[in-house]
Amino acid sequence: MTSATETAPAPKRGSLFGTRMREAGWGYAFVLIPMAVFGLFFIYPLVYGVYISFFEWGILGKAAGATATTQNYTTLYHDPVFHRALRNTFEFALLVVPLEMALGLLVALVINAKIRGRAFFRSAFYFPSIASSAAITTIAIFILNPDGLLNRIIGSDQAWFGDSSTALYSVVGLNAWTTSGTVMLFYLAALQSIPTDVYEAAAVDGTGAWRTFWRITFPLLKPAHFFVLVVFGIGALKVFDQFYIVSQGTGGPEYSTLSAVFYIYQEAFKSANFGVGASAGVVLFVAIFLLTLLQRATVGRAEVG
Amino acid sequence: MRRARAALAASVVLVLLTVVVASAADARSEKATVTTVTLSGWSAGKTEDDLLQSVVDDFNNTHPNIHVDYSVINGDYATAMTARFAAHNPPDVFYVDSSIAPTWIKQGVVQPLNAFIKKSKYDTSKFYPGLLNAFKVGKTYYGFPKDWSPLAVEINKAMFAKAGIKKAPRTWAELTADAQKLASSGAVPNGKPLCLPADWARMLAFVFQNNGSLAKVQSPAVAAAVNYYTGFFKRGLAATPTQLGVGWPGEALGKEKAAIIFEGNWVLPYMTSTFPQVGFGVGPMVKGKVNGNLGFTVSYSMAKDADNKQAAWTLLSYLTGKVGMTKWMSHGLALPSRTDVKAVGGRAPFLAAGPSSRGWGFPNFSATLTIMNNDLQAVIDGNKTTAQMLADVAASLKG
Amino acid sequence: MLQTSVAAAEHLGPPRARSAIARRIVLYVLLVAFALLFFTPFVWTIATSFKTLPDSAYFNLIPHPFTTEAWKSVWNDYDFKRYALNSLFLAITVTLLNLFLASLGGYAFARLRFPGREVLFLIILGTLMIPDQLRLIPVFVMLTNWHLIGNFSGYILINLVTAVNLFFMRQYFLTIPRDFEEAAKLDGAGYFKTYWRIMLPLAGPAIAALAILQFQGTWNDFFWPLILFGQGSEHMYTMQLGLAQLTFTYQSLWPQLMAGSIMAIAPILVIFLVFQRFFVSGVTAAGIKG
């Protein structure tokens with residue numbers, strides 16, 4: 001993409017370089033504080049985590065006489081609990097992300113149109129996202145009890161969170177319900193940046209609602225899609241709270257609600273095995289990183305300016 | 001626009017002000033001769049927190065040179081404490097659950113107490129050995145149990161009357177017979193006679209009652225006990241809390257979805273405050289070949305990084321001593337871990353288990369418990385055999 | 001979008017109009033049904049807050065007996081006034097700081113060119129991938145050594161700006177046509193002025209979204225407040241830490257917990273209602289058209 005300086009009448013070579021320098025200077029200045037925060041409180045811990053993943057590491061530091069080895073990674077490789085945790089986590093993310101994207105986008109589209117009581121509907125759909133995760137999960141457990149509200153309505157006695165074949169999917173539903181409100185918010189904001197004359201032009205052309213959406217709105221939302229996919233995809237892969245509360249900290253029934261972060265948490269804070277916890281964290285990080293690169297390659301390319 | 005700028009400026013000023021004010025408020029004004037000792041634990045409810053505070057107040061009043069700051073950690077205790085250990089800034093005296101004691105002791109964050117015991121001639125003989133051993137490694141003491149509870153049998157009186165059973169079961173045979181009678185007489189229309197969780201924190205007591213132990217997990221004694229426990233499910237005489245739609249067996253008893261549960265002293269205040277209309281009875285834990293029970297206990301321990309260890313020891317020995325513990329026991333919220341402190345009335349079924357209770361905890365606790373309970377659920381559901389579960393458990397106990 | 005096509009359809013005459021109205025009715029019915037589904041937990045929360053503890057174990061929506069004990073207990077036995085003030089202070093401070101730093105940084109990543117920009121952006125995305133549990137110990141040890149534990153400053157410092165906010169602002173700025181900046185440049189405006197006078201006002205909806213989300217995120221944050229300043233005296237507690245006093249191992253004081261939760265949710269609802277009007281379509285469109 002061209003910039004204003006390149007389309008203006010060609011200035012002398014020196015001042016073009018100077019302009020670029022100035023622009024770069026301002027750029028760095030604007031991102032200085034964020035990068036400092038990220039560097040100190042995210043990147044440094046990550047590097048620290050990578051370092052300790054090669055040692056036997058306890059609460060007070062390196063275990064006596066420990067040397068650098070890949071023992072922790074070998075432990076992970078042979079631990080079926082870790083494998084199951086990873087599998088659960090990816091299955092969860094694969095299901096919940098498309099679901100909450102679709103729900104959030106759908107609701108945002110509908111609410112964006114001029115319907116009566118918009119404010120009410122906006123509040124209603126956003127509501128499950130407002131309460132804290134713990135509070136909402138407790139309420140959900142109540143509603144999804146074998147003799148709770150949902151079963152009363154659909155006439156079943158299924159133990160949604162207590163049956164190993166339905167537990168994970170029930171959390172998918174719960175999580176989509178609580179996060180689609182937030183997705184809706186992002187899409188609503190993004191929809192505002194699409195000028196209405198685009199729609200008017202489509203209406204004049206006689207384009208139907210579905211085609212307008214699919215051919216015009218959807219592609220114009222690409223930066224939002226990328227954002228939602230990356231942020232909520234990563235969020236799904238880091239899931240912990242809801243799995244933990246729903247299974248009362250067991251990761252059950254029958255390992256079905258064990259997540260990768262739960263594994264890290266247990267190794268580090270319950271078993272004081274920081275080396276193994278860190279290596280699990282590194283494995284998870286690498287997996288998420290690769291996935292994000294993939295997302296960037298497919299959805300993210302188009303909008304870089 | 002101007003308003004936004006003003007708001008931004010105001011917020012920056014606010015932040016700066018906070019840092020100044022908060023840091024100032026953080027600084028404590030200490031009198032030169034008074035030592036401050038920090039005490040921390042998790043919360044078991046406001047009544048308990050207030051009671052402990054009054055014990056602390058008694059201590060402060062009788063020990064003018066020491067001031068104890070008691071604060072509650074209202075969340076993930078293990079995580080919060082671990083972070084503070086790592087930063088070398090832990091509370092001076094704190095709770096240690098028997099299940100995590102081996103881990104923290106091994107990590108070197110808990111202060112060995114033998115020197116203090118010797119110097120102040122502290123009498124360790126009054127504690128129940130099974131409980132004391134949970135906080136002892138070899139001959140070194142790392143803490144003293146502040147209270148405890150074993151499991152007992154709780155029954156629904158009305159349902160028992162309907163089934164024509166006079167009293168709570170005392171043996172495995174009676175338990176089986178009572179469960180069958182409750183089922184056939186239709187005394188538990190909304191649930192099952194027994195509410196048994198898929199939890200080794202309950203089933204292990206049965207293992208002990210069959211002369212089994214975790215030292216030899218893959219043995220006939222352990223397998224038989226497991227099969228006895230899971231057998232109730234297979235015969236339709238028991239359900240897990242989740243299957244009954246409750247959070248734990250106490251709730252099943254309260255909502256009258258079960259007639260028999262196995263829980264500790266904590267179920268008493270729960271029932272009286274949440275389900276006051278349900279008439280329930282308490283009996284001592286059942287006996288198999290022998291008496292066997294689990295002692296759920298918590299110690300007061302001292303941090304290796306404690307600032308003033310002598311003062312911390314004074315507090316610790318007071319809280320676990322006769323005077324401090326007597327006051328703590330006064331509301332009946334827990335049972336005394338000392339034989340020379342009386343419990344409130346009605347606790348005989350629990351206290352009877354003193355000699356046969358083993359502290360709850362084992363090697364590689366957290367990872368093993370996850371495997372234990374998930375596998376047990378699988379065994380109950382018929383997706384795994386008992387032998388497979390015991391093999392998994394044995395492997396995990398080795399670490 | 002639906003509006004314009006429906007409006008266009010209505011111009012075409014009665015038969016089309018009737019089916020359009022039918023579609024509308026179906027839409028409204030669905031919306032109301034969904035809204036009820038999403039609102040039910042709130043109704044149950046309110047009902048439970050007026051129950052006694054024994055009654056709260058059951059699902060009935062009408063409390064019997066009806067009592068305000070829980071509300072009185074929460075107000076008197078626990079210092080929720082204080083907790084609310086603490087939460088309010090933190091939420092406002094962190095939100096304002098985030099809005100400023102995230103929009104400034106987002107603008108830089110979207111529009112300014114500087115060497116290493118894409119690498120730095122990837123690093124920012126990378127920070128999203130690090131679970132809290134992994135970075136807890138190093139961060140906590142750092143803050144302890146700098147004496148930023150036990151007061152609000154450590155918490156504010158690590159939350160000055162989040163990757164999500166910065167990322168979103170960048171995405172939003174990318175969608176704004178460059179005409180505005182080019183006009184500003186021709187007028188001789190510097191980069192900060194362009195940001196402050198032009199880009200920021202145009203980003204109204206994004207700012208509104210982030211304001212809601214960051215306020216709520218800070219307000220509902222339990223983990224970091226517990227670790228960083230929630231282990232000392234009660235007067236530093238936030239709402240969430242205050243609510244945690246109502247749950248223990250074998251029991252929760254459900255009526256008090258629900259009453260407290262409503263007190264906790266109310267401000268967020270207010271913030272949402274205030275800021276959501278910025279999502280009205282046409283506000284920004286007008287700016288762009290002109």
Side-chain angles (χ1 to χ4, degrees), chain A residues 52 57-61 63-64 75 78-82 84-85 134 138 141-148 151-152 157-167 240-241 244-258 262-263 265-274 276-277, chain B residues 75-88 90 99-100 102-110 190-191 197-199 239-248 255 257 304-305 363-381 383-384 392 395-396 399:
Chain A
I52 74 176
W57 203 272
I59 300 182
L60 295 179
T75 308
H78 288 121
D79 190 350
V81 176
F82 183 62
R84 184 63 193 267
T138 319
I141 293 176
F142 201 86
I143 294 181
L144 279 126
N145 242 350
D147 59 356
N151 279 350
R152 267 185 230 198
D157 64 351
Q158 174 73 22
W160 297 102
F161 291 120
D163 187 333
S164 58
S165 56
T166 56
F240 173 72
D241 276 345
Y244 193 81
I245 296 175
V246 149
S247 66
Q248 295 182 313
T250 60
E254 296 185 55
Y255 304 100
S256 54
T257 58
L258 255 175
F262 174 86
Y263 187 89
Y265 166 79
Q266 185 173 268
E267 282 299 318
F269 295 102
K270 295 284 173 77
S271 307
N273 249 335
F274 282 94
V276 176
Chain B
D76 191 340
Y77 185 75
T79 304
M81 288 299 289
T82 303
R84 292 182 67 172
F85 288 142
H88 295 279
S99 61
I100 209 170
T103 307
W104 283 0
I105 292 172
K106 186 155 169 248
Q107 291 292 315
V109 296
V110 184
N190 289 332
D199 196 345
T240 63
T242 351
Q243 286 167 341
L244 294 174
V246 295
W248 66 299
K255 290 192 174 162
K257 293 184 175 183
K304 209 39 151 351
D305 283 326
N364 198 19
F365 179 78
S366 194
T368 308
L369 187 66
T370 303
I371 292 178
M372 278 175 166
N373 290 353
N374 279 291
D375 273 10
L376 181 54
Q377 181 72 59
V379 172
I380 291 174
D381 291 341
N383 293 330
K384 249 196 173 132
D392 288 344
S396 183

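Below, chains carry the letters A, B, ... as their sequence lines are ordered, and counting in each starts from 1.
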Part of A:F274 within contact of chain B (heavy atom distance under 4.5 Å)
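Side chain of A:F274 only, per the 4.5 Å heavy-atom cut-off to chain B.
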
Between A:E254 and chain B, which part of the residue has a heavy atom less than 4.5 Å away: side chain, backbone, both or neither?
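When you check distances to chain B, atoms from both the backbone and side chain of A:E254 fall under 4.5 Å.
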
Close side-chain approach of A:K270 and B:T82, heavy atoms under 4.5 Å
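Not touching, per the 4.5 Å side-chain cut-off.
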
Beyond-backbone contact of B:D392 with B:K384, side-chain heavy atoms, under 4.5 angstrom:
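A side-chain contact under 4.5 Å exists here.
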
Quick one: which of [options] has the most heavy-atom pairs under 4.5 Å with chain B, could you say?
{"options": "A:Y263, A:Y265, A:F269, A:Y255", "answer": "A:Y255"}
{"options": "A:A159, A:S247, A:G251", "answer": "A:G251"}
{"options": "A:A63, A:G252, A:P80", "answer": "A:G252"}
{"options": "A:P146, A:S256, A:G162", "answer": "A:P146"}

Say whether A:Y244 and B:D76, considering side chains only, have a donor N or O and an acceptor N or O under 3.5 Å apart.
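Side chains of A:Y244 and B:D76: no pair found under 3.5 Å.
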
Would you check if there is a donor-acceptor pair between the side chains of A:S164 and B:Q377 at a distance under 3.5 Å?
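The answer is no; no qualifying pair exists.
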
Check each atom of [X] against the heavy atoms of chain A and say whether the ones under 4.5 Å are side chain, backbone, both or neither.
{"X": "B:T103", "answer": "side chain"}
{"X": "B:L369", "answer": "neither"}
{"X": "B:F365", "answer": "neither"}
{"X": "B:Q107", "answer": "both"}

Using salt bridge (charged side-chain N to carboxylate O under 4.0 Å, His left out) as the criterion, list what pairs up with A:D163, not counting sequence neighbours.
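Partners of A:D163 under the salt bridge (charged side-chain N to carboxylate O under 4.0 Å, His left out) test: none.
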
Euclidean distance, A:F82 CZ relative to A:T75 OG1, rounded to 0.5 Å:
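Spacing of OG1 (A:T75) from CZ (A:F82) equals 11.0 Å.
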
If you measure from CG on B:N374 to CG on B:N383, what distance do you get to the nearest 0.5 Å?
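Going from the CG atom of B:N374 to the CG atom of B:N383 covers 12.0 Å.
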
Mind ranking B:P241, B:S366, B:A86, B:A378 by heavy-atom pairs under 4.5 Å with chain A and telling me who comes out on top?
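The residue among B:P241, B:S366, B:A86, B:A378 with the greatest pair count is B:S366.
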
Run the ring pair (Phe, Tyr, Trp, His ring centres under 6.0 Å) test against A:W160 and tell me which residues pass, sequence neighbours left out.
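Ring pair (Phe, Tyr, Trp, His ring centres under 6.0 Å) check on A:W160 returns nothing, list empty.
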
